[in-house]
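Here's the structure, in structure tokens; my notes come after.
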Number of protein chains: 2
Amino acid sequence: MPIPKKNIPATVDKVDSRYLESLLGYNARRVALTVIDLFMERMAPHDLRPVDFSVLSLIRNNPGITSRQLCTALDILPPNLVGMISTFEKKKLVRRQPHPLDGRAMALFLTVDGEARMALAEPTVTQLEAEVAGRLTPAEFQNLLHLLQKIYLPSEPAPRKR
Amino acid sequence: MPIPKKNIPATVDKVDSRYLESLLGYNARRVALTVIDLFMERMAPHDLRPVDFSVLSLIRNNPGITSRQLCTALDILPPNLVGMISTFEKKKLVRRQPHPLDGRAMALFLTVDGEARMALAEPTVTQLEAEVAGRLTPAEFQNLLHLLQKIYLPSEPAPRKR
DNA sequence: TATTGTTATACTCTATAACTATA
DNA sequence: TATAGTTATAGAGTATAACAATA
């Protein structure tokens, strides 16, 4: 039988977060913040924020990708990408080139410096991912990625609006 | 045998995002954005952003909780909570009361209006969660929450820094 | 001396409108 | 007429420093 509490006005000793923890949105955001915090810490020597890494990674794996394609893939608004690309150009990480088939567009490529930067940064990301996933078995980790993708990647490639 | 491509300069037709999709941080952020977008859409009639809902939910389930406890539980900085609480007070959703055991602190409670607002809002959240999880079986959904929590909820309750 | 709540403020991130060059 | 890229700018979100009152 539980010991009766003293009759004091309502105070909270341990916060009950169980309801929030039953919500996918809450849990996904907490995990995203956890990983992003560690990411920024570890990637500081490489001078890359998460979004920088995402952009450079897509250019690396898709040479000649356009700004518009980057914006669609990463859910970035075009005006907010312009500054990033300009900064990358100033730092000699990215090179812009007229698109061969569309005179309005610019094709994006990593420079040699950009390739080198990413070659150093990717293992750092791999390492921090491994640490974050440390409490999960490899099978659990793969399952987690798969379940997350089932949420945001429609099997039918219907256009996403935002 | 694949048909040889025409010899044109590098252009990208379909963006290859497979590397990013192998990263937990990327997937968690995409899911968080997906759920938050739907959340804001559905909760607009209730005039509650995700963070508003989280704060009111914690007050509801922890009557007498302090601002400091809210900040710790939700990873909000104290200066950024002040305005929210003030707004809630103006809207008669939350009531502040001197803390019975700590003269510096304020104990927070929902008003009758606040309870009513949350009583309407919670079913909306339950509904949208069910929709987002629609592609998953109930067992998969529970497993997803469990795996996410293993990432950000340490079994040993070590203090998080940020 | 440390902590709670608060103010003021700066910085970053995200969003909107409008323009140009080209399709 | 629609789209890619760009500029300028507004708004929301997040961060730091400093202070008064209390522990």
Side-chain angles (χ1 to χ4, degrees), chain A residues 11-13 15 29-30 32-33 36-37 39-41 44 47-55 59 64-90 94-108 159 161-162, chain B residues 11-13 15 29-30 32-34 36-37 39-41 43-44 47-55 59 64-90 94-108 159 161-162:
Chain A
T11 62
V12 175
D13 53 339
V15 175
R29 182 166 178 278
R30 294 300 295 238
L33 290 179
I36 286 170
D37 278 358
F39 189 104
M40 291 196 294
E41 193 181 310
D47 192 29
L48 294 176
R49 300 166 303 161
V51 64
D52 297 326
F53 181 83
S54 297
V55 167
I59 298 176
I65 193 173
T66 67
S67 296
R68 173 64 51 167
Q69 287 175 311
L70 274 177
C71 286
T72 301
L74 295 175
D75 231 331
I76 299 172
L77 293 173
N80 299 329
L81 183 67
V82 174
M84 289 185 229
I85 301 294
S86 305
T87 303
F88 289 146
E89 269 196 310
K90 279 179 207 140
V94 164
R95 154 174 69 85
R96 298 190 321 161
Q97 196 171 292
H99 192 282
L101 303 177
D102 187 337
R104 299 167 301 181
M106 301 297 289
L108 303 172
K161 70 165 175 180
R162 193 170 167 224
Chain B
T11 62
V12 176
D13 54 338
V15 174
R29 182 164 177 278
R30 295 300 297 237
L33 290 179
T34 298
I36 287 170
D37 278 357
F39 189 104
M40 292 197 294
E41 191 181 312
M43 296 298 273
D47 193 28
L48 295 177
R49 300 166 303 160
V51 64
D52 297 327
F53 181 83
S54 297
V55 167
I59 298 175
I65 192 173
T66 67
S67 297
R68 173 63 51 166
Q69 288 176 310
L70 274 178
C71 286
T72 302
L74 294 176
D75 230 331
I76 299 172
L77 292 172
N80 300 329
L81 183 67
V82 174
M84 288 185 231
I85 301 295
S86 305
T87 304
F88 289 146
E89 267 196 310
K90 279 179 207 138
V94 164
R95 157 174 66 85
R96 298 190 320 161
Q97 197 171 291
H99 193 281
L101 303 179
D102 186 337
R104 297 166 303 181
M106 302 297 288
L108 302 172
K161 70 167 175 180
R162 187 159 174 230

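Atoms considered below: every heavy atom in the structure, side chains included; atoms not considered: hydrogens, waters and symmetry mates. Here is the naming used below: chain letters follow the sequence lines, and residue numbers restart at 1 for every chain. All values derive from a computational prediction rather than experimental measurement.
- Looking at residues two or more places apart in sequence or on another chain, you find no side chain to side chain donor-acceptor pair (under 3.5 Å) involving B/R68.
- In this structure, B/I76 places its CD1 atom 16 Å from C1' of C/dT4, rounding to the nearest Å.
- Here D/dG5 presents its C1' atom at 13 Å from NE2 of A/H99, a figure rounded to the nearest Å.
- Spacing between atom CG of B/L101 and atom C1' of C/dT4 amounts to 14 Å, rounded to whole angstrom units.
- The interatomic distance linking B/D37 (CG) with C/dT14 (P) rounds to 12 Å, in whole Å.
- Comparing D/dG5, C/dT6, C/dA15 by their closest approach to the side chain of B/R96 singles out C/dT6.
- The listed nucleotides are D/dA21, D/dA15, C/dA21; the one nearest the side chain of A/R104 is C/dA21.
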Inset, instruction - Report the C-alpha separation of A/V55 and A/L108 in whole Å, then their side-chain angles, then the decisive distance to 0.1 Å, and conclude whether the side chain to side chain contact (heavy atoms under 4.5 Å, CB included) test is met. - result: CA-CA 10 Å; A/V55 167; A/L108 303 172; over 6 Å; no

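- Sequence order on DNA chain C of the closest nucleotides to A/V51 and A/D102 puts A/V51 first from the 5' end.
- Among all heavy-atom pairs drawn from A/L48 and A/F53, the shortest one is CD1-CD1, 4.4 Å.
- We find that CG of B/L74 is positioned 15 Å from P of D/dG13, with the value rounded to whole Å.
- When side chains are defined from C-beta on, B/R29 counts as touching B/L33, because their heavy atoms get closer than 4.5 Å.
- Under the side chain to side chain contact (heavy atoms under 4.5 Å, CB included) test applied with B/L81, the options B/I76, B/L74, B/V51 reduce to a single match, B/I76.
- The distance from atom CG of A/D75 to atom C1' of C/dC13 is 14 Å, rounded to the nearest whole Å.
- Of the candidate nucleotides C/dG5, D/dG5, C/dA15, C/dG5 has the atom lying nearest to any side-chain atom of B/R68.
- One can place CE of A/M106 at 16 Å from C1' of D/dT3, the figure rounded to the nearest angstrom.
- Partner of B/M106 under the side chain to side chain contact (heavy atoms under 4.5 Å, CB included) criterion, out of B/H99, B/R96, B/Q97: B/R96 alone.
- In terms of heavy-atom proximity, A/V12 sits nearest to B/G64 at CG2-C, 3.8 Å.
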Atom pairs under 3.5 Å, N or O on each side, protein against nucleotides 7-12 of chain D: can you list them with distances?
none

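- Distance, B/E89 CD to C/dG5 C1': 13 Å, rounded to whole Å.
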